[in-house]
Amino acid sequence: MKIVVLDGYTLNPGDLSWAALEKLGEVRVHDRSAGPEIGERLKDADIALTNKTIVDRQTILGAPNLKYIGVIATGYNIVDIKAAHEKGVMVTNVPGYGTPSVVQMVFALLLELCLHVQAHSTVVHEGKWSKSKDFSFWDYPLVELQGKTMGILGFGDIGSKVADVATAFGMKVIAHSRTQSDQSGRKNFEWVSWEDLLVRADVISVHCPLTKETDGIFDKEAFKKMKPAAFLINTARGPVINEEDLAAALNKDIIAGAGLDVLSAEPPPADHALFSAKNCLITPHIAWATKESRQRLMDAVVSNLEAFMDHREQNVITI
């Protein structure tokens, strides 16, 4: 079996091993692939593994030996699933591998908005504390989470784990989701409408998929309904937020702050509107990328492929 990894660098920049994959066939790992080289690299491949490199209809039809496409991620919109099914090519993904790391990032962003740890550390290193007349000072409002209301949009595995941590901080939890599972065992939890989520939450954490309904759902009208002291955290998909509207809402103090690990374009343009917005934390889509999370992803990619080779279906994408 000829196995081609189209964009292996993000998963494994050198701190993991491809050894388990190499036991399954002849492996060629490319750090990145783009344009015509995608088709060229897959022309004699039996197996294609891709994280964010697009495998479209033309590429699939132009790879006569291709039998399997493994997406090295949860989202699989980069693959033309219909074309793959028409050709009899199995497509798999990896759900759930990054949940602990994503939840950790949610609260890393939120706690930074609440306490401004890095900013305060910076001014201490610059000598401001040494020159202070008092034993303590702060340059930003300091916010305690206990008693605040965490609003969660989307209540799957990640959303429910965020709720667990929010509860541990002493927060009330309200949630809005397409489906409402039984949460009767939770304390201080309530299912609410989209409108109520906006109006009542002190923090909104986004964990919904990107759909026609959620594309741009956080727009200027949504921000107007939020509390002026509210924070917005997004570790899901960038396009759920109208970024121009968010920049305006931050700069006009309509909401208090935002913590974002995703943007609508990645990498973003150098003149992105949010780069100059007030109290806006942006990290480069790294919530999933702890070494532990990436190792789980590597293990799952290998496991999916082993299942395929054993004529079993595991994490198979269907139309």
Compare all side-chain heavy atoms of [X] with those of [Y] and state whether any distance is below 4.5 angstrom.
| X | Y | result |
| --- | --- | --- |
| P100 | R296 | yes |
| I174 | D196 | no |
| H125 | S121 | yes |
| L109 | T283 | yes |
| V106 | V165 | no |
| R237 | T214 | no |
| L49 | L21 | yes |
| I286 | M105 | yes |

Indicate, with yes or no, if [Y] and [X] share a hydrophobic cluster defined by side-chain heavy-atom contacts under 4.5 Å among Ile, Leu, Val, Met, Phe, Trp and Tyr.
| X | Y | result |
| --- | --- | --- |
| L197 | F218 | yes |
| L113 | I282 | no |
| V316 | V94 | yes |
| I233 | L145 | yes |
| L281 | I241 | no |

[X] to [Y] - nearest heavy-atom pair and separation:
| X | Y | value |
| --- | --- | --- |
| M150 | S205 | SD-CB, 4.0 Å |
| A236 | H207 | CB-CA, 4.1 Å |
| F107 | V162 | CZ-O, 3.7 Å |
| I72 | V5 | CD1-CG1, 4.2 Å |
| L250 | G257 | CD2-CA, 3.5 Å |
| E266 | L263 | OE2-N, 2.9 Å |

Determine whether a donor-acceptor pair (N or O, by modelled atom type, separation under 3.5 Å) exists between the side chain of [X] and the backbone of [Y].
| X | Y | value |
| --- | --- | --- |
| T50 | V71 | no |
| K23 | A19 | no |
| D261 | H285 | yes |
| E112 | Q118 | yes |
| N251 | A247 | yes |
| D245 | A248 | no |
| H116 | D139 | no |
| K227 | R200 | yes |
| N279 | A256 | yes |
| R294 | L11 | yes |

Handout entry: Modelled atom types, side-chain donor and acceptor of D157 and T99, under 3.5 Å
Key =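 Side chains of D157 and T99: pair found under 3.5 Å.
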To the nearest 0.5 angstrom, please state how far the [atom1] atom of [X] sits from the [atom2] atom of [Y].
| X | Y | atom1 | atom2 | value |
| --- | --- | --- | --- | --- |
| I78 | I69 | CD1 | CD1 | 9.0 Å |
| Q314 | L305 | CD | CG | 10.5 Å |
| K161 | Q104 | NZ | CD | 14.5 Å |
| T290 | E292 | OG1 | CD | 5.0 Å |
| F231 | D202 | CZ | CG | 9.5 Å |
| N242 | K220 | CG | NZ | 9.0 Å |

Counting only heavy atoms from other residues, nucleotides and ligands, does the tally under 6.0 Å from [atom1] of [X] exceed 12?
| X | atom1 | result |
| --- | --- | --- |
| Q58 | CD | no |
| Y76 | OH | no |
| W138 | CH2 | no |
| E190 | CD | yes |
| R41 | CZ | yes |

Handout entry: From CA spacing to verdict: salt bridge (charged side-chain N to carboxylate O under 4.0 Å, His left out), K52, D7
Key = CA-CA 7 Å; K52 294 294 182 288; D7 48 2; over 6 Å; no
Practice task
Evaluate the criterion side-chain contact (heavy atoms from CB on, under 4.5 Å) for residue pair N93 and N304; output intermediate values, then yes/no.
Solution key: CA-CA 8 Å; N93 72 333; N304 283 348; 5.9 Å; no
Practice task
Decide yes or no on salt bridge (charged side-chain N to carboxylate O under 4.0 Å, His left out) for K87 and D80, but give the supporting numbers first.
Solution key: CA-CA 11 Å; K87 196 181 175 187; D80 189 323; over 6 Å; no
Handout entry: Verdict with reasoning, H30 to E37, per side-chain contact (heavy atoms from CB on, under 4.5 Å)
Key = CA-CA 11 Å; H30 303 280; E37 65 189 6; over 6 Å; no
Handout entry: Candidate pair E313 and M90, rule side-chain contact (heavy atoms from CB on, under 4.5 Å), full reasoning
Key = CA-CA 9 Å; E313 292 190 357; M90 181 182 288; 4.0 Å; yes
Practice task
Start with the C-alpha distance between E195 and S193, add both sets of side-chain angles, then the distance that settles side chain to side chain donor-acceptor pair (under 3.5 Å), and finish with yes or no.
Solution key: CA-CA 5 Å; E195 180 93 10; S193 67; over 6 Å; no
Practice task
Report the C-alpha separation of K148 and V203 in whole Å, then their side-chain angles, then the decisive distance to 0.1 Å, and conclude whether the side-chain contact (heavy atoms from CB on, under 4.5 Å) test is met.
Solution key: CA-CA 8 Å; K148 299 291 193 300; V203 181; 5.6 Å; no
Exercise for the section: Show which residues join W129 in its hydrophobic cluster (side-chain heavy-atom contacts under 4.5 Å, direct or indirect), or state none. Expected result: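 Grouped by the 4.5 Å side-chain rule, V123, V124, F137 form the rest of the cluster around W129.
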Exercise for the section: Can you spot which of V91, T318, I60 makes a side-chain contact (heavy atoms from CB on, under 4.5 Å) with I81? Expected result: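 The option that passes is V91.
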Practice task
Determine the interplanar angle of the F189 and F155 rings, folded into 0 to 90°, and report it as parallel if under 30°, tilted if 30 to 60°, perpendicular if over 60°.
Solution key: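 Correct class here is tilted.
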Exercise for the section: Assign the ring pair W288 / Y97 to parallel, tilted or perpendicular, where the plane angle (0 to 90°) is split at 30° and 60°. Expected result: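 Perpendicular: the ring planes of W288 and Y97 meet at over 60°.
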Exercise for the section: Please find out if less than 6.0 Å separates the ring center of W18 from that of Y9. Expected result: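 Centroid distance W18-Y9: not below 6.0 Å, so no.
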Handout entry: side chain to side chain donor-acceptor pair (under 3.5 Å) contacts touching residues 163-183 (sequence neighbours left out)
Key =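 Those involving residues 163-183 are D164-R186, S181-Q183, D182-S184, Q183-R186.
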